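Counting starts at 1 for both ligands and their atoms, following the listed order. Below, all heavy atoms of this structure are taken into account, side chains as well, without hydrogens, waters or symmetry copies. Note that this is a predicted model, so its numbers are computed, not measured.
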Amino acid sequence: MLVTGNDILVPARAGKYGVGSFNTNNMEITQAIIHTAERLRSPVMVQMSEGAIKYGGQDLANIVIDLAERATVPVALHLDHGSSYESALKAIKMGFTSVMIDASHHQFAENIQETRRVVEAAHAMGISVEAELGRLGGIEEHIVVDEKDAFLTDPEEAVQFVEQTGTDYLAIAIGTSHGAYKGKGRPFIDHERIEKIEKLLSIPLVAHGSSGVPAEIVQRFRDCGGEIGDAFGIADEDLQRATQHGIAKVNVDTDLRLAMTVGVREILKNSPKEFDPRKIMGPAREVMSKIVEHKLGVLGSVGKA
Ligand SMILES: O=C(COP(=O)(O)O)NO
Ligand code: NA
Ligand SMILES: [Zn+2]
(Lines give C-alpha, C1' and ligand atoms only; values in the text may rest on other atoms or scores of the structure.)
(Ligands and ions follow the chains in the order given, each with its own letter.)
Protein backbone atom coordinates (compact mmCIF):
# COMPACT_ATOMS: atom_id res chain seq x y z
CA MET A 1 0.00 0.00 0.00
CA LEU A 2 1.11 3.58 -0.72
CA VAL A 3 1.80 5.40 2.56
CA THR A 4 3.68 8.50 3.77
CA GLY A 5 7.32 8.51 4.83
CA ASN A 6 6.30 8.97 8.47
CA ASP A 7 4.09 5.87 8.35
CA ILE A 8 7.24 3.87 7.53
CA LEU A 9 10.02 5.73 9.35
CA VAL A 10 8.48 6.39 12.78
CA PRO A 11 8.05 2.63 13.41
CA ALA A 12 11.52 2.01 11.97
CA ARG A 13 13.19 4.37 14.42
CA ALA A 14 11.17 2.91 17.30
CA GLY A 15 11.93 -0.62 16.15
CA LYS A 16 15.64 0.11 15.64
CA TYR A 17 15.83 -1.00 12.02
CA GLY A 18 16.66 0.87 8.83
CA VAL A 19 14.41 1.25 5.79
CA GLY A 20 16.03 1.35 2.37
CA SER A 21 15.15 4.36 0.25
CA PHE A 22 16.20 3.35 -3.24
CA ASN A 23 16.43 5.68 -6.25
CA THR A 24 14.58 4.65 -9.39
CA ASN A 25 14.74 5.78 -13.01
CA ASN A 26 12.69 3.11 -14.81
CA MET A 27 10.23 0.22 -14.50
CA GLU A 28 12.78 -2.55 -13.87
CA ILE A 29 14.53 -0.70 -11.04
CA THR A 30 11.12 0.02 -9.47
CA GLN A 31 10.12 -3.65 -9.78
CA ALA A 32 13.40 -4.87 -8.28
CA ILE A 33 12.85 -2.58 -5.27
CA ILE A 34 9.16 -3.21 -4.59
CA HIS A 35 8.89 -6.90 -5.53
CA THR A 36 11.94 -7.75 -3.41
CA ALA A 37 10.50 -5.81 -0.46
CA GLU A 38 7.22 -7.71 -0.85
CA ARG A 39 8.99 -11.07 -1.04
CA LEU A 40 10.90 -10.25 2.14
CA ARG A 41 7.93 -8.65 3.93
CA SER A 42 9.85 -5.39 4.27
CA PRO A 43 8.65 -1.78 4.21
CA VAL A 44 10.54 0.24 1.59
CA MET A 45 10.81 3.74 0.12
CA VAL A 46 11.22 4.45 -3.58
CA GLN A 47 12.77 7.80 -4.35
CA MET A 48 13.13 9.95 -7.44
CA SER A 49 15.65 12.76 -7.74
CA GLU A 50 14.83 15.90 -9.72
CA GLY A 51 16.91 14.36 -12.50
CA ALA A 52 14.70 11.26 -12.46
CA ILE A 53 11.60 13.46 -12.62
CA LYS A 54 13.12 15.27 -15.61
CA TYR A 55 13.90 11.89 -17.23
CA GLY A 56 10.68 9.97 -16.50
CA GLY A 57 8.18 12.55 -15.31
CA GLN A 58 4.63 11.57 -14.38
CA ASP A 59 5.04 8.37 -16.45
CA LEU A 60 7.70 7.10 -14.07
CA ALA A 61 5.95 8.45 -10.97
CA ASN A 62 2.78 6.62 -12.03
CA ILE A 63 4.67 3.34 -12.38
CA VAL A 64 5.93 3.74 -8.82
CA ILE A 65 2.52 4.87 -7.47
CA ASP A 66 0.71 1.98 -9.16
CA LEU A 67 3.17 -0.67 -7.91
CA ALA A 68 3.11 0.91 -4.45
CA GLU A 69 -0.71 0.96 -4.27
CA ARG A 70 -0.86 -2.71 -5.23
CA ALA A 71 2.08 -3.71 -3.02
CA THR A 72 1.41 -5.99 -0.02
CA VAL A 73 3.93 -4.01 2.08
CA PRO A 74 4.05 -0.27 2.95
CA VAL A 75 5.77 1.78 0.21
CA ALA A 76 6.34 5.56 0.09
CA LEU A 77 7.26 7.60 -2.98
CA HIS A 78 9.89 10.16 -1.93
CA LEU A 79 11.38 13.22 -3.64
CA ASP A 80 15.15 12.94 -3.21
CA HIS A 81 17.15 16.19 -2.85
CA GLY A 82 14.31 18.57 -3.67
CA SER A 83 16.10 21.84 -4.35
CA SER A 84 13.25 24.30 -3.81
CA TYR A 85 9.79 24.93 -2.36
CA GLU A 86 8.40 24.79 -5.91
CA SER A 87 10.06 21.43 -6.60
CA ALA A 88 8.63 19.95 -3.40
CA LEU A 89 5.10 21.16 -4.14
CA LYS A 90 5.30 19.93 -7.73
CA ALA A 91 6.26 16.48 -6.45
CA ILE A 92 3.32 16.45 -4.05
CA LYS A 93 1.05 17.35 -6.96
CA MET A 94 2.54 14.39 -8.87
CA GLY A 95 1.50 12.05 -6.05
CA PHE A 96 4.69 11.85 -3.94
CA THR A 97 3.99 10.91 -0.30
CA SER A 98 7.28 12.18 1.12
CA VAL A 99 9.46 15.09 0.02
CA MET A 100 13.00 16.20 0.83
CA ILE A 101 13.85 19.89 0.80
CA ASP A 102 17.64 19.98 0.66
CA ALA A 103 18.65 23.51 1.60
CA SER A 104 21.79 22.28 3.39
CA HIS A 105 24.06 24.35 1.15
CA HIS A 106 22.44 27.55 2.45
CA GLN A 107 23.37 29.30 5.67
CA PHE A 108 21.64 27.94 8.78
CA ALA A 109 18.95 30.64 8.86
CA GLU A 110 18.07 30.24 5.17
CA ASN A 111 17.97 26.45 5.54
CA ILE A 112 15.49 26.88 8.40
CA GLN A 113 13.36 29.37 6.44
CA GLU A 114 13.20 27.27 3.26
CA THR A 115 12.56 24.06 5.17
CA ARG A 116 9.82 25.56 7.32
CA ARG A 117 7.95 26.76 4.23
CA VAL A 118 7.92 23.27 2.77
CA VAL A 119 6.93 21.68 6.09
CA GLU A 120 3.91 23.97 6.45
CA ALA A 121 2.69 23.30 2.92
CA ALA A 122 3.42 19.56 2.96
CA HIS A 123 1.82 19.01 6.37
CA ALA A 124 -1.29 20.89 5.20
CA MET A 125 -1.55 18.15 2.55
CA GLY A 126 -0.66 15.24 4.85
CA ILE A 127 2.76 14.68 3.32
CA SER A 128 5.91 14.15 5.42
CA VAL A 129 9.17 16.02 4.99
CA GLU A 130 12.90 15.28 5.07
CA ALA A 131 15.40 18.11 5.52
CA GLU A 132 19.19 18.11 5.67
CA LEU A 133 21.66 19.78 8.03
CA GLY A 134 25.37 19.48 7.38
CA ARG A 135 27.06 18.73 4.12
CA LEU A 136 28.19 15.38 2.77
CA GLY A 137 31.39 15.09 0.76
CA GLY A 138 31.24 13.77 -2.77
CA ILE A 139 28.95 14.90 -5.54
CA GLU A 140 25.57 15.82 -4.11
CA GLU A 141 23.57 15.82 -7.35
CA HIS A 142 23.78 19.47 -8.49
CA ILE A 143 26.40 20.41 -5.90
CA VAL A 144 30.04 19.31 -5.81
CA VAL A 145 31.02 19.61 -2.19
CA ASP A 146 34.67 18.71 -1.87
CA GLU A 147 36.08 17.26 1.31
CA LYS A 148 37.35 20.50 2.87
CA ASP A 149 33.96 22.25 2.66
CA ALA A 150 32.05 19.19 3.74
CA PHE A 151 31.10 19.59 7.35
CA LEU A 152 29.43 17.14 9.64
CA THR A 153 26.19 17.84 11.48
CA ASP A 154 26.46 19.66 14.81
CA PRO A 155 24.16 17.90 17.33
CA GLU A 156 23.09 21.06 19.17
CA GLU A 157 22.37 22.84 15.88
CA ALA A 158 20.31 19.83 14.82
CA VAL A 159 18.04 20.24 17.87
CA GLN A 160 17.46 23.91 17.07
CA PHE A 161 16.91 23.12 13.40
CA VAL A 162 14.25 20.49 14.09
CA GLU A 163 12.46 22.71 16.65
CA GLN A 164 12.38 25.66 14.25
CA THR A 165 11.38 23.76 11.11
CA GLY A 166 9.13 20.92 12.24
CA THR A 167 10.78 18.58 9.75
CA ASP A 168 9.60 14.97 10.16
CA TYR A 169 13.00 13.38 9.57
CA LEU A 170 16.52 14.76 9.27
CA ALA A 171 19.39 13.86 6.94
CA ILE A 172 22.64 14.26 8.88
CA ALA A 173 26.22 14.40 7.61
CA ILE A 174 28.13 11.73 9.51
CA GLY A 175 30.90 10.77 7.10
CA THR A 176 29.06 9.26 4.15
CA SER A 177 29.20 10.80 0.70
CA HIS A 178 27.41 10.24 -2.61
CA GLY A 179 28.73 8.13 -5.44
CA ALA A 180 31.11 5.19 -5.80
CA TYR A 181 34.20 6.74 -4.20
CA LYS A 182 33.38 7.20 -0.52
CA GLY A 183 36.89 6.84 0.78
CA LYS A 184 39.86 4.52 0.57
CA GLY A 185 38.96 1.11 1.96
CA ARG A 186 36.44 1.82 4.67
CA PRO A 187 34.87 5.29 4.78
CA PHE A 188 35.00 6.93 8.20
CA ILE A 189 31.53 6.95 9.86
CA ASP A 190 31.26 9.22 12.90
CA HIS A 191 29.32 6.85 15.19
CA GLU A 192 29.86 9.06 18.23
CA ARG A 193 28.19 11.92 16.41
CA ILE A 194 25.25 9.71 15.38
CA GLU A 195 24.84 8.52 18.97
CA LYS A 196 24.95 12.10 20.31
CA ILE A 197 22.25 13.18 17.85
CA GLU A 198 20.22 10.03 18.59
CA LYS A 199 20.02 11.02 22.26
CA LEU A 200 18.97 14.60 21.46
CA LEU A 201 16.41 13.94 18.69
CA SER A 202 13.54 11.46 18.65
CA ILE A 203 12.63 11.87 14.96
CA PRO A 204 13.90 9.36 12.37
CA LEU A 205 17.41 10.18 11.10
CA VAL A 206 18.49 9.75 7.50
CA ALA A 207 21.82 8.53 6.10
CA HIS A 208 22.57 9.60 2.54
CA GLY A 209 25.39 8.08 0.53
CA SER A 210 24.74 4.61 1.92
CA SER A 211 25.57 2.40 -1.04
CA GLY A 212 27.95 -0.39 -0.09
CA VAL A 213 29.57 -0.51 -3.56
CA PRO A 214 30.17 -4.28 -3.12
CA ALA A 215 33.58 -5.43 -4.41
CA GLU A 216 31.94 -8.32 -6.31
CA ILE A 217 29.75 -5.95 -8.32
CA VAL A 218 32.70 -3.62 -8.97
CA GLN A 219 34.77 -6.57 -10.26
CA ARG A 220 31.93 -7.79 -12.50
CA PHE A 221 31.58 -4.22 -13.77
CA ARG A 222 35.25 -4.21 -14.77
CA ASP A 223 35.15 -7.73 -16.19
CA CYS A 224 32.46 -6.81 -18.69
CA GLY A 225 34.23 -3.68 -19.90
CA GLY A 226 33.15 -1.09 -17.34
CA GLU A 227 35.71 1.47 -16.25
CA ILE A 228 35.70 2.34 -12.57
CA GLY A 229 38.44 3.47 -10.18
CA ASP A 230 39.13 2.59 -6.56
CA ALA A 231 35.47 2.33 -5.56
CA PHE A 232 34.39 1.88 -1.92
CA GLY A 233 31.06 2.23 -0.13
CA ILE A 234 29.86 2.18 3.44
CA ALA A 235 30.64 -1.06 5.29
CA ASP A 236 27.64 -3.26 6.22
CA GLU A 237 28.64 -3.25 9.89
CA ASP A 238 28.81 0.55 9.96
CA LEU A 239 25.32 0.72 8.49
CA GLN A 240 24.01 -1.90 10.90
CA ARG A 241 25.43 0.01 13.89
CA ALA A 242 23.92 3.29 12.63
CA THR A 243 20.43 1.73 12.44
CA GLN A 244 20.70 0.83 16.14
CA HIS A 245 21.22 4.53 16.93
CA GLY A 246 18.46 6.47 15.20
CA ILE A 247 19.22 6.08 11.49
CA ALA A 248 15.87 4.92 10.05
CA LYS A 249 16.05 5.93 6.36
CA VAL A 250 19.03 4.80 4.30
CA ASN A 251 19.55 6.18 0.78
CA VAL A 252 20.87 3.87 -1.92
CA ASP A 253 21.36 4.81 -5.57
CA THR A 254 24.88 3.93 -6.74
CA ASP A 255 24.51 0.20 -5.92
CA LEU A 256 21.45 -0.15 -8.17
CA ARG A 257 23.09 1.89 -10.94
CA LEU A 258 26.12 -0.43 -10.86
CA ALA A 259 23.93 -3.55 -10.65
CA MET A 260 21.75 -2.59 -13.61
CA THR A 261 24.78 -1.68 -15.71
CA VAL A 262 26.51 -4.97 -14.83
CA GLY A 263 23.40 -6.92 -15.87
CA VAL A 264 23.17 -5.14 -19.22
CA ARG A 265 26.91 -5.18 -19.98
CA GLU A 266 27.23 -8.88 -19.21
CA ILE A 267 24.45 -9.79 -21.63
CA LEU A 268 25.74 -7.51 -24.37
CA LYS A 269 29.24 -8.95 -23.94
CA ASN A 270 28.32 -12.66 -23.56
CA SER A 271 25.37 -12.81 -25.96
CA PRO A 272 26.36 -10.53 -28.84
CA LYS A 273 23.43 -11.85 -30.91
CA GLU A 274 20.86 -10.84 -28.29
CA PHE A 275 18.58 -7.88 -29.05
CA ASP A 276 15.37 -8.75 -27.19
CA PRO A 277 14.97 -5.97 -24.60
CA ARG A 278 13.42 -8.42 -22.13
CA LYS A 279 16.52 -10.60 -22.34
CA ILE A 280 18.69 -7.53 -21.71
CA MET A 281 16.73 -5.77 -18.98
CA GLY A 282 15.39 -8.94 -17.33
CA PRO A 283 18.79 -10.19 -16.10
CA ALA A 284 19.64 -6.63 -15.03
CA ARG A 285 16.48 -6.67 -12.89
CA GLU A 286 17.72 -9.89 -11.29
CA VAL A 287 21.10 -8.41 -10.41
CA MET A 288 19.35 -5.41 -8.84
CA SER A 289 16.93 -7.61 -6.88
CA LYS A 290 19.88 -9.40 -5.27
CA ILE A 291 21.39 -6.07 -4.25
CA VAL A 292 18.07 -4.93 -2.73
CA GLU A 293 17.76 -8.24 -0.89
CA HIS A 294 21.24 -7.90 0.60
CA LYS A 295 20.59 -4.31 1.70
CA LEU A 296 17.24 -5.09 3.35
CA GLY A 297 19.02 -7.85 5.28
CA VAL A 298 21.74 -5.48 6.45
CA LEU A 299 19.16 -2.89 7.54
CA GLY A 300 17.08 -5.38 9.55
CA SER A 301 13.77 -4.48 7.89
CA VAL A 302 13.04 -8.01 6.62
CA GLY A 303 9.79 -9.31 8.13
CA LYS A 304 8.85 -5.91 9.59
CA ALA A 305 5.88 -5.38 7.25
O1 LIG B 1 22.22 9.53 -0.93
C2 LIG B 1 21.83 9.07 -1.98
C3 LIG B 1 22.49 7.88 -2.66
O4 LIG B 1 23.78 7.63 -2.17
P5 LIG B 1 24.75 6.56 -2.90
O6 LIG B 1 25.45 7.29 -4.01
O7 LIG B 1 25.68 6.09 -1.84
O8 LIG B 1 23.88 5.45 -3.43
N9 LIG B 1 20.76 9.60 -2.60
O10 LIG B 1 20.13 10.68 -2.08
NA1 NA C 1 16.28 12.07 0.32
ZN1 LIG D 1 21.59 11.88 -1.10
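- The environment of NZ in Lys279 is sparse: at most 12 heavy-atom neighbours from other residues, nucleotides or ligands sit within 6.0 Å.
- In this structure a side-chain-to-backbone donor-acceptor pair under 3.5 Å is missing from Ser211 to Val213.
- Near His208, with a cut-off below 4.0 Å to any heavy atom, the atoms of ligand 1 are 1 (O), 10 (O).
- Contacts between Thr176 and ligand 1, counted as non-hydrogen atom pairs separated by less than 4.0 Å, are absent for every part of the residue.
- For ligand 1, the atoms closer than 4.0 angstrom to any heavy atom of Lys182 are 5 (P), 6 (O), 7 (O).
- Applying the 4.0 Å criterion to heavy atoms of His178 picks out, from ligand 1, the atoms 1 (O), 2 (C), 3 (C), 4 (O), 6 (O), 9 (N), 10 (O).
- Formation of a donor-acceptor pair under 3.5 Å by the Arg193 side chain with backbone atoms of Ile174 is not found in this model.
- With 3.0 Å as the limit, Glu132 does not count as an N, O or S neighbour of the Na ion (ligand 2).
- Under a 4.0 Å criterion applied to the non-hydrogen atoms of Thr254, ligand 1 contributes the atoms 5 (P), 6 (O), 8 (O).
- By the 6.0 Å contact criterion, CD on Glu86 is enclosed, its count of non-hydrogen atoms from other residues, nucleotides or ligands being greater than 12.
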- Kindly determine whether His178 and His208 satisfy ring pair (Phe, Tyr, Trp, His ring centres under 6.0 Å), including the steps that lead there. CA-CA 7 Å; His178 290 111; His208 282 244; 5.8 Å; yes

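- The Zn ion (ligand 3) lies closest to atom ND1 when only the N/O/S atoms of His208 are considered.
- Residue contacts with ligand 1, taken as heavy atom pairs separated by less than 4.0 Å, involve Ser210 solely via the backbone atoms N, CA, C and O.
- The backbone N or O of Thr72 sits less than 3.5 Å from a side-chain atom of Glu38, completing a donor-acceptor pair.
- Looking only at N/O/S atoms, Asp80 comes nearest to the Na ion (ligand 2) through OD1.
- Of all the atoms in ligand 1, the ones that sit under 4.0 Å from a non-hydrogen atom of His81 are 10 (O).
- The nearest protein atom to atom 1 (O) of ligand 1, hydrogens excluded, is given as Gly209 N, 2.8 Å; this is a heavy-atom distance.
- In this structure, the side chain of Thr243 engages the main chain of Gln240 through a donor-acceptor pair within 3.5 Å.
- Nearest non-hydrogen protein atom to atom 10 (O) of ligand 1 is Asp80 OD2, 2.7 Å.
- Residue contacts with ligand 1 leave out Arg257, since none of its heavy atoms falls under 4.0 Å from the ligand.
- Listed for the Ser271 side chain is no donor-acceptor partner under 3.5 Å among the backbone atoms of Glu274.
- Between Arg39 and Glu293 there is a salt bridge, with a side-chain nitrogen of the basic residue lying less than 4.0 Å from a carboxylate oxygen of the acidic one.
- For residue His78, an N/O/S atom approaches the Na ion (ligand 2) to within less than 3.0 Å.
- Heavy-atom contacts of Asn23 reach the following atoms of ligand 1: 9 (N) (cutoff under 4.0 Å).
- For ligand 1, the polar-atom distance check finds no N/O of Val252 at less than 3.5 Å from any of the ligand's N/O atoms.
- One distance of note links NE2 of His245 with CD of Glu192; it measures 11.5 Å at 0.5 Å rounding.
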